[in-house]
Amino acid sequence: MPKRFLTVFFAVFLSLTALFAGTVFLVDPYYHYHAPVAGLPLWLNDGRYQSAGAAENLDYDHLLMGTSVTANFSVEPFNQHLPGKTRKIIVQGGYFEDFLLPLDIALKTHQVDQLFWGVDSNCWRRYDKDNAWKEPTYLFDDNPFNDVKYLLSKDTFFWYVPDILKGALLGEGNDEVDGGFTWGENNVWSREVALKFYNRPQEVAQPVDKDALLGPTRENLTNVLARVDAYPETTFTFYLPPYSILFWDMTIRTGELEATLTMHQEVLTALTSRPNVRVFYFMDDTDLITNLDNYCDYIHYSPEICQELARRLLEEEPLSPQEVQPRIEAMGAFLAGYDFESLFQSPAE
């Protein structure tokens, strides 16, 4: 009796384990083995875990990468304007290393024609060494044996797999429009909301040195330009997303205005020096950034703005090397004369 019980027990256990692992393998939420199959929707809600697999196993000719301020871009205008297919890789709050890994995979496994990369001002000023996230090496290495951590992951099986299957059953998601992930559809975009979620800092007595942010910036530029130079056949389009005027208020009050503009000039000068790079500086679009109805906080702008930026990336001329210094100087002059206190007065005042 005990022997028969143990035989049945292990048979059931192994069958359930195989079913568990087989389901994860088939649905493959992290695209570790393959692209979506059997009509399953593209589901890219966890960029840090999914980016490597998506970069390797999805089909594409062009890539759109960025943080949460790029997530609400639609890939539809890119697919309409460019020959081939565009995919989106989003890592919310990502550091450079979070994007360099999937970028390296993409450049090695695909013939990437164009890369569109929204690199936030906040990203350029951070060292990768300060990134607290620890990558799951079992997803990013070539060792098939440690994949058991993925195939038998309870979180993957009980959270991500049901979400994808539910999306398939309900017909949710339009991969050719949203690119697998957007988050802004149900948000409120207004001056009131943007101000509500802005904590205005106290003014500092002394500004920081103008070169204070250049350490991490130059390290990040070195890493980026190494890829640009190694793949001259790929067109790299970088853009600095348009943070709202509240960001500039914060930057001034924390004494970092000159340091931030110096950093921006360093970035724009370096990037525009390469023949296969196109650069767009949206941070000085004063009409856009001063209209807080475009925002839900001090940096995140609406899906409508995302689509307008996509149009500009595809149709307008990029920044030239000769324009960099005048644009930075003009932005500094604009900020010096801007009435920031009016932002915090009610419309009736």
Side-chain angles (χ1 to χ4, degrees), residues 19-94 98-99 101-103 105-106 109-110 112 114-118 136 139-140 147 150-187 300 302-304 306-307 310:
L19 177 63
F20 193 106
T23 301
V24 172
F25 177 85
L26 178 64
V27 178
D28 198 8
Y30 294 159
Y31 308 112
H32 186 55
Y33 301 106
H34 55 76
V37 297
L40 295 176
L42 182 63
W43 186 89
L44 294 173
N45 288 30
D46 196 346
R48 279 193 168 90
Y49 283 86
Q50 295 174 298
S51 62
E56 181 172 4
N57 292 313
L58 298 183
D59 58 323
Y60 54 86
D61 305 281
H62 321 285
L63 272 181
L64 171 64
M65 298 199 314
T67 65
S68 56
V69 296
T70 297
N72 290 315
F73 273 68
S74 166
V75 296
E76 186 175 30
F78 296 89
N79 288 335
Q80 291 177 348
H81 192 88
L82 301 171
K85 179 174 289 187
T86 302
R87 294 291 193 185
K88 190 163 69 174
I89 290 180
I90 302 298
V91 181
Q92 301 191 66
D98 297 318
F99 294 103
L101 171 66
L103 176 59
I105 293 172
T109 60
H110 292 67
V112 181
Q114 297 203 48
L115 169 76
F116 298 86
W117 189 352
L139 288 174
F140 299 159
D147 285 0
Y150 171 52
L151 294 173
L152 298 181
S153 166
K154 297 190 295 297
D155 288 342
T156 303
F157 185 85
F158 289 110
W159 290 99
Y160 294 163
V161 168
D163 279 352
I164 295 174
L165 295 178
K166 178 183 176 183
L169 290 173
L170 297 178
E172 295 177 349
N174 187 339
D175 302 347
E176 303 307 317
V177 175
D178 63 26
F181 173 61
T182 57
W183 61 267
E185 297 87 348
N186 299 319
N187 275 57
H300 291 97
S302 70
E304 288 74 21
C306 287
Q307 306 334 315

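These values consider heavy atoms only, across backbone and side chains, with no hydrogens, waters or symmetry-generated copies. All residue numbers in this chain count up from 1 along the given sequence.
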Determine yes or no for a side-chain-to-main-chain donor-acceptor pair under 3.5 angstrom, with [X] supplying the side chain and [Y] the backbone.
| X | Y | value |
| --- | --- | --- |
| Trp183 | Ser68 | yes |
| Asn79 | Thr86 | yes |
| Ser74 | Val177 | yes |
| Lys88 | Val75 | no |
| Thr182 | Gly184 | no |
| Gln307 | Asn72 | yes |
| Asp175 | Pro41 | no |

Student check: side-chain heavy atoms of [X] and [Y] closer than 4.5 Å:
| X | Y | result |
| --- | --- | --- |
| Gln92 | Asp98 | no |
| Pro102 | Ile105 | no |
| Pro29 | Tyr150 | yes |
| Leu82 | Gln114 | yes |
| Leu115 | Leu103 | yes |

Can you tell me how far apart CG (Asp147) and OG (Ser153) are? Round to the nearest 0.5 Å.
12.0 Å
Could you give the side-chain donor-acceptor pairs of residues 53-61 under 3.5 Å, partners two or more places apart or in another chain?
residue: Asn57; atom: ND2; partner: Tyr31; partner atom: O; Å: 2.7
residue: Asn57; atom: ND2; partner: His32; partner atom: O; Å: 3.4
residue: Asp59; atom: OD1; partner: Arg87; partner atom: NH2; Å: 2.7
residue: Asp59; atom: OD2; partner: Lys85; partner atom: NZ; Å: 3.3
residue: Tyr60; atom: OH; partner: Ala55; partner atom: O; Å: 2.5
residue: Tyr60; atom: OH; partner: His110; partner atom: ND1; Å: 3.2
residue: Asp61; atom: OD2; partner: Lys85; partner atom: N; Å: 2.7

Please find the pair of heavy atoms, one from [X] and one from [Y], that lie closest to each other, and give the distance.
| X | Y | result |
| --- | --- | --- |
| Phe73 | Ala310 | CE2-N, 3.7 Å |
| Val91 | Ser51 | CG2-CB, 4.5 Å |
| Thr67 | Gly93 | CB-N, 4.2 Å |

Passes side chain to side chain contact (heavy atoms under 4.5 Å, CB included), Ile90 versus Met65? Steps please.
CA-CA 6 Å; Ile90 302 298; Met65 298 199 314; over 6 Å; no
With sequence neighbours excluded, residues passing side chain to side chain donor-acceptor pair (under 3.5 Å) with Thr70
Tyr239
With sequence neighbours excluded, residues passing side chain to side chain donor-acceptor pair (under 3.5 Å) with Ser302:
Glu304
Walk me through whether Leu63 and Ile89 qualify under side chain to side chain contact (heavy atoms under 4.5 Å, CB included).
CA-CA 7 Å; Leu63 272 181; Ile89 290 180; 4.1 Å; yes
Please tell me whether Asn45 and Tyr160 have a donor and an acceptor in their side chains that are separated by less than 3.5 angstrom.
no
When the ring planes of Tyr30 and Tyr49 are compared, do they come out parallel, tilted or perpendicular, using 30° and 60° as the limits?
parallel
I would like to know whether Leu152 and Phe157 meet side chain to side chain contact (heavy atoms under 4.5 Å, CB included); could you show each step before the answer?
CA-CA 8 Å; Leu152 298 181; Phe157 185 85; over 6 Å; no
Are Val27 and Val37 close enough, and set up right, to give a side chain to side chain contact (heavy atoms under 4.5 Å, CB included), and what steps lead you there?
CA-CA 7 Å; Val27 178; Val37 297; over 6 Å; no
Run through Thr156, Thr23, Asp28, Val24 and flag the one making a side chain to side chain contact (heavy atoms under 4.5 Å, CB included) with Leu151.
Val24
